[in-house]
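Hydrogens, waters and symmetry mates are skipped; everything else that's a heavy atom, side chains included, is used. Throughout, protein chains are lettered first and strands after them, A, B, ... in sequence-line order, and every chain is numbered starting at 1.
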Protein chains: 2
Amino acid sequence: MWQLYQFPLCPFSRKVRLLLGEKGVGYEPVRESPWQRRDEFLDLNPTGQVPVMVDSERGVTLIDSSVICEFFEETVTKSPMLNGTAPDRAEIRRLVIWFDTYFYRDITAPLLNERMLKRLVYRQAPDGQALRGAMKAAVEYLDYIDYLLDHRTWLAGPMMSLADLAAAAQISVADYLGGIDWKSHEQAKRWYIGMKSRPSFRNLLTERMDGIAPPADYEKLDL
Amino acid sequence: MWQLYQFPLCPFSRKVRLLLGEKGVGYEPVRESPWQRRDEFLDLNPTGQVPVMVDSERGVTLIDSSVICEFFEETVTKSPMLNGTAPDRAEIRRLVIWFDTYFYRDITAPLLNERMLKRLVYRQAPDGQALRGAMKAAVEYLDYIDYLLDHRTWLAGPMMSLADLAAAAQISVADYLGGIDWKSHEQAKRWYIGMKSRPSFRNLLTERMDGIAPPADYEKLDL
Ligand SMILES: N[C@@H](CCC(=O)N[C@@H](CS)C(=O)NCC(=O)O)C(=O)O
Ligand SMILES: N[C@@H](CCC(=O)N[C@@H](CS)C(=O)NCC(=O)O)C(=O)O
């Protein structure tokens, strides 16, 4: 049985969980708070980051969400998420990296820092300017999603792909932390409601992070 | 014909060039200085980063070194660089990400900033403390390479892989900028000389960055 080291608001763990859900791979979630820098976890992954997956029977350890996603894409044929020709796959991977790197850097990471780490770890008040910066950046990223959906059914093309899972994972954490305003982003909103209604997503949305409540319509399908 | 947008000291472009060299893929290098933020280049890649590859005849644009490497690994069977079982491939990808992220963050990026950007762009003197920090970090990374080579012929296992190319690419830029001291790293040094002697590497080593000279033994095979 696979174990997945993660915490509920880690967007990279969410991307992995969406992929495992779509592919029907069973796993046991193991709660890991990387800011505690537990020795046993550092032995598993010297960088100290989640997600990590371990299959102790087979002696396999998978480190980094992109390594995990490529592994299950290679080994589980159900619901392929890197579909199409080599250029199609390049476009999917480009968008995954874009959300994992830039959406995370500009939006998810500052929100996690201000609204989660400062509350749970540093016991500080959030910095209003950092929060406003993240929310302003979110508008630009939603504009880009609208633009992609002008030409495409899903973010990377005619089929749902890992790009949709990566984007939805980041957005869902930002949304939990009050960073997303859907106003004047009809296309992006409709796409996100489609993502939210998938069984792989429903489980994630019911989880809560200790002491941090999401907005009222976080789980709702009629935004 | 593929075009590769890059500059001589970009470690991610070097990783791509080593892969293309090993696989025998022809390409035309196009000099791009991303700090100039050229409009035409930003149209090609809105993040403004190199490497980018373009095949204008087929209308294919590949953005990000990992997207480019996966693309050529999928489309060119010669000299596979993601060899072995799914867990073997996961270990190769883990190490590639590790060098691309952490070696770059701790060593290559500060060296590029202090010794290249400050000279060519900001016209400032390098910060000695930042340089010493990078050189100290390099010792730890060489220790880890020694450790890997205690158990393995190549960094990720019994065969040369993308992990070796990623590591050699980062190290070669750090070495160009005077950040590598091979003292008491015999195993890592022997591995690196092996990498340097490959035809795919020889071309790279003869290139120079305007106004910045590498150390005397940068190209040498008898360190
Ligand atoms: N590139 C990694 C990024 C993972 C990551 O940034 N994880 C964060 C939590 S969202 C973490 O563990 N941070 C703790 C730390 O960096 O010490 C991946 O895709 O898995
Ligand atoms: N994840 C990217 C990183 C590329 C990268 O950092 N490129 C640097 C040059 S070494 C760059 O273009 N920097 C300019 C900038 O970020 O504006 C890749 O693997 O291709």
Side-chain angles (χ1 to χ4, degrees), chain A residues 2 12 16 25 44-49 51-55 57-77 82-106 140-141 143-144 147-148 156 162-163, chain B residues 2 12 16 25 44-49 51-55 57-77 82-106 140-141 143-144 147-148 156 162-163:
Chain A
W2 286 101
F12 306 101
V16 164
V25 176
L44 209 53
N45 179 9
T47 75
Q49 293 196 320
V52 170
M53 287 189 79
V54 176
D55 178 343
E57 284 144 55
R58 293 200 299 149
V60 179
T61 302
L62 304 175
I63 288 171
D64 192 282
S65 69
S66 71
V67 170
I68 298 172
C69 291
E70 295 281 347
F71 180 91
F72 286 102
E73 186 66 18
E74 286 177 3
T75 55
V76 182
T77 47
L82 285 168
N83 250 316
T85 62
D88 295 339
R89 293 158 63 91
E91 174 65 358
I92 296 169
R93 289 193 180 102
R94 175 185 78 86
L95 285 167
V96 170
I97 291 171
W98 194 72
F99 284 103
D100 283 0
T101 308
Y102 296 101
F103 191 106
Y104 178 69
R105 181 195 66 187
D106 294 341
E140 283 169 41
Y141 283 81
D143 282 345
Y144 187 65
Y147 159 81
L148 290 173
L162 195 58
Chain B
W2 286 102
F12 307 100
V16 165
V25 176
L44 210 54
N45 179 11
T47 75
Q49 292 194 321
V52 170
M53 286 189 78
V54 176
D55 178 344
E57 282 143 54
R58 293 199 300 150
V60 179
T61 302
L62 305 175
I63 289 172
D64 193 281
S65 70
S66 70
V67 169
I68 296 172
C69 291
E70 295 281 349
F71 180 92
F72 286 102
E73 186 66 17
E74 288 177 3
T75 54
V76 181
T77 48
L82 286 167
N83 250 316
T85 64
D88 295 339
R89 292 159 62 91
E91 174 65 358
I92 296 169
R93 288 195 180 100
R94 175 185 80 83
L95 285 168
V96 171
I97 291 171
W98 194 72
F99 284 103
D100 283 0
T101 308
Y102 297 100
F103 191 108
Y104 178 68
R105 181 195 66 188
D106 296 340
E140 284 169 41
Y141 283 82
D143 281 345
Y144 187 66
Y147 161 81
L148 289 173
L162 196 57

Toward chain A, the part of E73(B) with a non-hydrogen atom under 4.5 Å
neither
What distance separates R93(B) CZ from L62(A) CG, expressed to the nearest 0.5 Å?
11.0 Å
Ion pair check, R89(A) and E70(B), cut-off under 4.0 Å
no
In Å and rounded to the nearest 0.5 Å, what is the CD1 to CG distance from I63(A) to L95(B)?
9.0 Å
Write down the atom of V60(B), the atom of P87(A), and the distance for their closest heavy-atom approach.
CG2-CG, 4.1 Å
Which bit of T61(B) comes within less than 4.5 Å of chain A, counting heavy atoms only: side chain, backbone, both or neither?
neither
